[in-house]
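Single-structure report; data block below.
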Number of protein chains: 6
Amino acid sequence: MSRIDGRTPEQLRPVTIERGWSKHAEGSVLVSFGDTKVLCTASVTEGVPRWRKGSGEGWVTAEYAMLPRATNTRGDRESVKGRIGGRTHEISRLIGRSLRSVVDYKALGENTVVLDCDVLQADGGTRTAAITGAYVALADAVAWAQSKKLIKPGLQPLTGTVSAVSVGIVDGVPLLDLCYEEDVRADTDMNVVCTGDGRFVEVQGTAEAEPFARDELNTLLDLAAAGCRDLAALQQAALNQSLNQ
Amino acid sequence: MSRIDGRTPEQLRPVTIERGWSKHAEGSVLVSFGDTKVLCTASVTEGVPRWRKGSGEGWVTAEYAMLPRATNTRGDRESVKGRIGGRTHEISRLIGRSLRSVVDYKALGENTVVLDCDVLQADGGTRTAAITGAYVALADAVAWAQSKKLIKPGLQPLTGTVSAVSVGIVDGVPLLDLCYEEDVRADTDMNVVCTGDGRFVEVQGTAEAEPFARDELNTLLDLAAAGCRDLAALQQAALNQSLNQ
Amino acid sequence: MSRIDGRTPEQLRPVTIERGWSKHAEGSVLVSFGDTKVLCTASVTEGVPRWRKGSGEGWVTAEYAMLPRATNTRGDRESVKGRIGGRTHEISRLIGRSLRSVVDYKALGENTVVLDCDVLQADGGTRTAAITGAYVALADAVAWAQSKKLIKPGLQPLTGTVSAVSVGIVDGVPLLDLCYEEDVRADTDMNVVCTGDGRFVEVQGTAEAEPFARDELNTLLDLAAAGCRDLAALQQAALNQSLNQ
Amino acid sequence: MSRIDGRTPEQLRPVTIERGWSKHAEGSVLVSFGDTKVLCTASVTEGVPRWRKGSGEGWVTAEYAMLPRATNTRGDRESVKGRIGGRTHEISRLIGRSLRSVVDYKALGENTVVLDCDVLQADGGTRTAAITGAYVALADAVAWAQSKKLIKPGLQPLTGTVSAVSVGIVDGVPLLDLCYEEDVRADTDMNVVCTGDGRFVEVQGTAEAEPFARDELNTLLDLAAAGCRDLAALQQAALNQSLNQ
Amino acid sequence: MSRIDGRTPEQLRPVTIERGWSKHAEGSVLVSFGDTKVLCTASVTEGVPRWRKGSGEGWVTAEYAMLPRATNTRGDRESVKGRIGGRTHEISRLIGRSLRSVVDYKALGENTVVLDCDVLQADGGTRTAAITGAYVALADAVAWAQSKKLIKPGLQPLTGTVSAVSVGIVDGVPLLDLCYEEDVRADTDMNVVCTGDGRFVEVQGTAEAEPFARDELNTLLDLAAAGCRDLAALQQAALNQSLNQ
Amino acid sequence: MSRIDGRTPEQLRPVTIERGWSKHAEGSVLVSFGDTKVLCTASVTEGVPRWRKGSGEGWVTAEYAMLPRATNTRGDRESVKGRIGGRTHEISRLIGRSLRSVVDYKALGENTVVLDCDVLQADGGTRTAAITGAYVALADAVAWAQSKKLIKPGLQPLTGTVSAVSVGIVDGVPLLDLCYEEDVRADTDMNVVCTGDGRFVEVQGTAEAEPFARDELNTLLDLAAAGCRDLAALQQAALNQSLNQ
């Protein structure tokens with residue numbers, strides 16, 4: 001039984017990672033997971049937020065947002081509404097925590113990296129695409145900071161790599177990397193963030209309809225771990241190319 | 001090796017579930033997990049939000065908040081700041097999803113239940129105490145609605161029970177139901193929501209320091225499932241008592 | 001003719017003042033005037049707001065709020081609405097002014113005390129219960145600050161005690177300490193704050209229906225002064241007990 | 001001993017009440033109490049707020065604000081700050097309650113009058129000048145509504161008149177109608193709102209420094225009642241003039 | 001063919017410029033263009049915004065607002081709505097830019113002037129009246145600052161004068177200084193800000209209905225330049241009078 | 001003397017207009033003026049805002065925003081700040097007015113088109129690129145609405161075409177289509193919006209440093225009119241291509 005778009009259950013959508021998309025940002029990636037397209041920029045500034053000053057340690061944070069017509073029907077702008085919604089808050093926090101899991105603050109020194117993940121087009125899996133792309137933008141930003149001597153020679157602020165993917169059970173079948181149409185029909189929806197060495201950074205599973213049993217959970221975790229492994233390879237391949245910024 | 005408060009790793013803190021705490025609310029519970037105290041009220045109103053009108057289905061939602069001095073140092077009020085923080089948003093959404101997982105909207109009919117979970121005193125695990133207490137408040141509110149014939153005779157809007165607990169790895173040891181002091185020292189922190197029949201509604205694991213391996217995840221899930229089982233029994237015991245409101 | 005709850009016109013509702021309610025706050029009181037229950041916490045921090053720095057003087061301020069289901073029908077959270085309502089503002093300011101009337105800022109030194117008064121259950125007279133309870137929390141917080149040497153030995157930052165009560169004319173009869181049901185039927189409603197030595201700190205009388213004559217005003221003031229005297233005695237009795245925090 | 005501006009203790013500042021100030025508003029008054037100048041406009045609209053629809057009764061409400069440079073040093077605009085301050089809220093509510101005390105909602109019918117009181121220049125007593133001026137603007141607006149047949153012939157929506165004045169104790173001397181310089185030095189500050197027949201609508205007394213004794217309160221009430229009587233006469237004189245709008 | 005109010009097409013409405021309107025502000029002008037009345041105050045403070053500190057240069061900024069009943073139907077207060085509308089933002093920025101065009105920041109030194117332009121009554125052309133009046137208030141404020149030695153002797157912070165007027169095409173006829181009734185019927189509406197020496201500071205033309213041709217634009221610019229010349233003369237005449245503040 | 005990027009004074013930057021960029025929006029264009037890239041989407045919904053219901057007429061509106069790192073240094077998100085800045089408001093309004101100038105509301109019928117213009121990368125001229133791109137997105141959205149019979153057969157809601165360009169005087173030389181580096185050095189900066197038949201919709205000229213003379217204004221208008229003519233041809237060429245959405 002094949003999926004809507006012809007994939008096998010354990011297959012990722014076509015993934016592209018386009019580095020150096022922006023002329024201004026220290027790191028920038030246009031990442032796509034199928035029709036989901038997220039622009040991830042990494043902005044480096046010297047100095048850290050007030051509560052961290054004098055610690056000798058850096059900071060990494062993230063903000064996620066959607067363009068109003070990234071989705072099938074237009075959503076009101078949060079800037080116009082004057083407040084950020086719960087979903088936006090939640091995803092921004094998830095991205096920030098995920099990236100911070102591979103950062104050595106001491107090696108980063110008192111520098112701040114802000115990762116902006118703006119969804120230009122949404123088709124499911126925007127948060128996992130954002131994390132996967134933001135890691136690459138972060139890596140480019142760190143390299144930039146090293147080249148500018150903002151980071152002490154010999155120090156490596158990144159302790160590993162991080163990628164993320166969604167998994168879910170649709171019509172009883174566990175599937176990797178759900179597109180929107182699959183996502184809305186999923187009984188269980190899980191977002192998993194892994195490091196390149198196969199350990200877990202975040203596991204967020206939600207029973208959208210029926211609660212799920214332990215063996216379903218196990219199957220989903222297997223699927224996600226394999227998907228993250230594939231994404232880590234794609235990240236590495238993208239980073240291996242030379243960047244003409 | 002015993003814990004700060006003398007518990008074994010797989011032991012819950014003393015849990016109390018005091019029903020009928022408020023004279024106004026249709027359901028109300030003061031729940032405590034050790035020194036964590038959360039007032040959960042369930043407010044029933046006839047009718048549903050606009051987007052659901054005419055569907056014949058009900059709605060359940062939740063709001064979580066902390067009193068400013070529920071914590072060790074005073075936090076600014078979100079009403080004074082004029083915006084709700086990301087953490088508050090995230091937990092409110094978690095509580096709402098958790099409770100909705102055991103609600104049959106059709107049986108509820110076009111009625112709305114709002115669960116307010118206000119933390120009066122915090123010592124770790126506020127969101128899991130809130131979910132556990134809110135379920136009992138919801139059960140009382142549903143019973144009230146049935147007694148008032150807001151729900152059609154013979155229909156049961158609750159399809160099961162739901163409880164939640166935190167687990168984490170502290171100094172390499174997996175622990176159940178972390179108090180605040182344990183929570184801040186945890187490498188990995190996970191909140192798990194289960195139904196009374198032992199299935200999972202939410203699994204939210206976060207690597208606070210080191211990413212975690214699959215076997216650690218498995219151990220934590222075992223611990224949490226057992227803890228939720230114990231909490232389900234405590235909920236049932238509380239609901240078996242007669243309510244003199 | 002007796003009142004709804006059997007009291008005589010000049011009788012207070014049962015008043016309880018439970019000190020040391022919170023393990024975190026420097027002073028904390030759960031005060032009840034009948035079914036009105038207010039949690040009052042006093043938070044001490046070293047230092048003062050910017051406009052007062054270097055003055056050698058301290059500061060005392062208050063914030064009042066209601067839990068959404070403290071009342072008979074649920075009210076929207078002010079944090080969710082993104083703004084504080086006029087009533088909340090007004091009462092917070094009243095509590096702050098009332099408490100400051102018995103504070104010697106010089107003796108307090110450059111320390112700040114924030115009094116949070118959160119209404120857990122409302123049945124009329126929430127602001128007067130809040131003032132009465134907040135005074136006791138403030139007294140405990142000041143004692144704590146003295147024990148921690150935040151206040152210079154020999155200095156006494158409190159110049160007196162303060163309590164408050166509502167009075168009103170219901171069906172032509174002047175009544176002390178109105179419960180909600182009386183409050184909504186009152187022609188005139190007055191809140192009076194007195195010091196322990198019988199002087200006035202605040203007199204706020206409002207004609208809800210008919211304007212009131214001078215002699216009615218005089219009767220209400222007599223009633224309120226006596227009520228405050230009784231409350232001052234109850235505060236003293238509570239403070240005379242030892243506090244096992 | 002004479003006052004800063006040469007007045008006797010029981011003397012009002014020069015009061016002017018200029019009707020028909022605005023070409024747009026249904027009632028408009030530029031009122032001055034000495035150097036305090038408040039523009040009061042009354043806007044009549046057919047219909048009432050949603051919660052009052054179908055009741056057959058009208059509504060009267062008020063909004064108070066200060067121009068940023070009405071005061072000696074410029075204050076930030078509340079529109080720019082994005083929130084209304086506690087003082088503004090409190091005074092708007094006071095003005096609204098005061099005016100409503102002389103309105104017969106049934107006679108007004110389902111019409112709404114909004115009273116906008118904008119302080120163009122402040123020198124103490126802005127809220128009492130606002131109430132005194134707003135009453136005259138309201139009277140003109142009601143007359144306009146009667147002339148337009150928005151109010152049923154023969155019905156009189158105003159049941160009386162209302163005016164307001166401040167009183168205070170400065171250097172031990174009770175004074176009427178404090179200017180700013182007196183106000184900041186006052187031990188006790190009281191705002192009193194009276195109807196034209198000498199009854200009280202609002203009594204708001206605050207001990208700015210020392211708590212006040214009952215006999216001081218009595219003296220202040222006498223002073224205020226006489227001041228309101230004088231203001232009622234000035235309102236009547238203004239209303240007796242023909243209005244060339 | 002004469003206009004609604006009998007003017008010729010190239011005629012200004014009666015203009016009055018009343019200096020020294022406020023006792024508090026360093027410069028204050030009540031300006032009227034026909035029935036449009038704007039109170040312009042200039043507030044001088046020593047120091048500049050943070051981003052300009054240490055530059056040795058001053059700053060001039062402006063805020064524009066309308067009283068709620070300045071217009072024919074009442075508008076909601078922006079402070080109550082909690083946000084400033086686009087039109088208010090736009091006009092505030094226009095006024096600020098216009099005034100800054102004649103300011104020598106170095107000569108002003110590290111002082112800030114805030115121009116508050118509050119529309120008391122609106123009948124078209126509020127922004128142009130505001131600019132014209134604000135210039136005079138600014139001139140008075142600068143003179144005040146010079147008299148207080150806030151500005152170095154011999155330095156002149158004003159490099160010229162500035163005034164503004166609206167022009168538009170109504171029923172095919174180009175008209176100067178539109179009143180509200182003309183404004184709403186205009187096909188094209190243009191606001192022009194000129195310096196006293198006849199050069200342009202701002203040209204803002206908008207096709208309200210039909211796009212306009214180049215020759216129409218030329219005619220409107222001629223008309224506006226002449227109008228600004230007349231206004232510059234009126235400003236000078238006002239400033240030539242002695243100011244009894 | 002050539003420009004920074006080698007252009008002649010009257011030359012546009014390379015312009016690309018990529019239609020059908022988004023799979024969701026009814027019209028979508030990624031427009032670039034050199035390194036300035038703006039994503040313009042047109043969202044069609046049946047129905048109109050409340051104030052227009054029953055009129056038989058449609059509505060067109062626009063919202064402009066910048067991604068936080070579209071610029072050289074990162075700007076804070078307006079959604080996070082909780083309010084839209086004056087510049088954003090101003091440009092959104094300008095885009096809306098410009099597009100509405102070529103819309104026949106009656107032919108559009110009671111449909112609404114929202115144009116979202118999000119700047120992905122900024123290098124000067126973002127508002128003019130936005131208008132130029134938004135027109136093409138609007139044309140595609142109107143064609144879509146016609147194909148879906150939302151618009152009555154035979155009716156043409158677009159009465160013309162609209163494009164926009166910036167002009168300015170840099171070092172005394174009038175230049176077309178300023179890039180950022182030129183823009184910051186310009187004495188005078190003007191944005192001009194023209195219809196395809198060469199008439200003016202908006203003329204917004206601002207003296208950034210020195211006021212400008214009438215002949216400079218004339219030169220700039222000539223330059224802008226020619227630039228808009230070129231852009232109109234590019235729009236037409238883009239629309240002549242077939243759209244494979």
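Below, read A as the first sequence line, B as the second, and so on, with proteins coming before strands; counting in each chain starts at 1.
The contact list for residues 50-78 of chain B toward chain A, using heavy atoms and a distance under 4.5 Å, is empty.
Using a 4.5 Å cut-off between heavy atoms, B:Asp189 does not touch chain A at all. Both the backbone and the side chain of A:Arg214 come within contact range of chain B, each with at least one heavy atom under 4.5 Å from a heavy atom of that chain. Contacts between A:Asp187 and chain B at a heavy-atom distance below 4.5 Å are absent for every atom of the residue. Interface residue A:Asn218: backbone and side-chain heavy atoms are both found under 4.5 Å from chain B.
Nearest heavy atoms, B:His89 versus A:Ile84: CE1-O, 3.3 Å.
Ranked by non-hydrogen atom pairs under 4.5 Å with chain B, the options A:Gly160, A:Ala207, A:Cys194, A:Ser98 are led by A:Ala207. Between chain B and the options A:Val193, A:Leu221, A:Thr195, the largest number of non-hydrogen pairs under 4.5 Å is found for A:Leu221. When A:Arg93, A:Arg83, A:Glu202, A:Arg87 are compared by the number of non-hydrogen pairs under 4.5 Å with chain B, A:Arg93 comes out ahead.
The aromatic rings of B:Phe200 and A:Phe212 sit parallel, their planes meeting at an angle under 30°, below the 60° perpendicular limit.
Heavy-atom contacts from other residues, nucleotides or ligands closer than 6.0 Å to OH of A:Tyr105 number more than 12. Applying the 6.0 Å contact sphere to NZ of A:Lys152 captures no more than 12 heavy atoms from other residues, nucleotides or ligands. In the displayed structure, A:Glu181 atom CD is contacted under 6.0 Å by at most 12 heavy atoms of other residues, nucleotides or ligands.
Between A:Arg199 and B:Glu216, the closest side-chain pair of non-hydrogen atoms is not below 4.5 Å.
Here B:Gln204 contributes atom CD and A:Leu94 contributes atom CG; the two are 9.5 Å apart, rounded to the nearest 0.5 Å.
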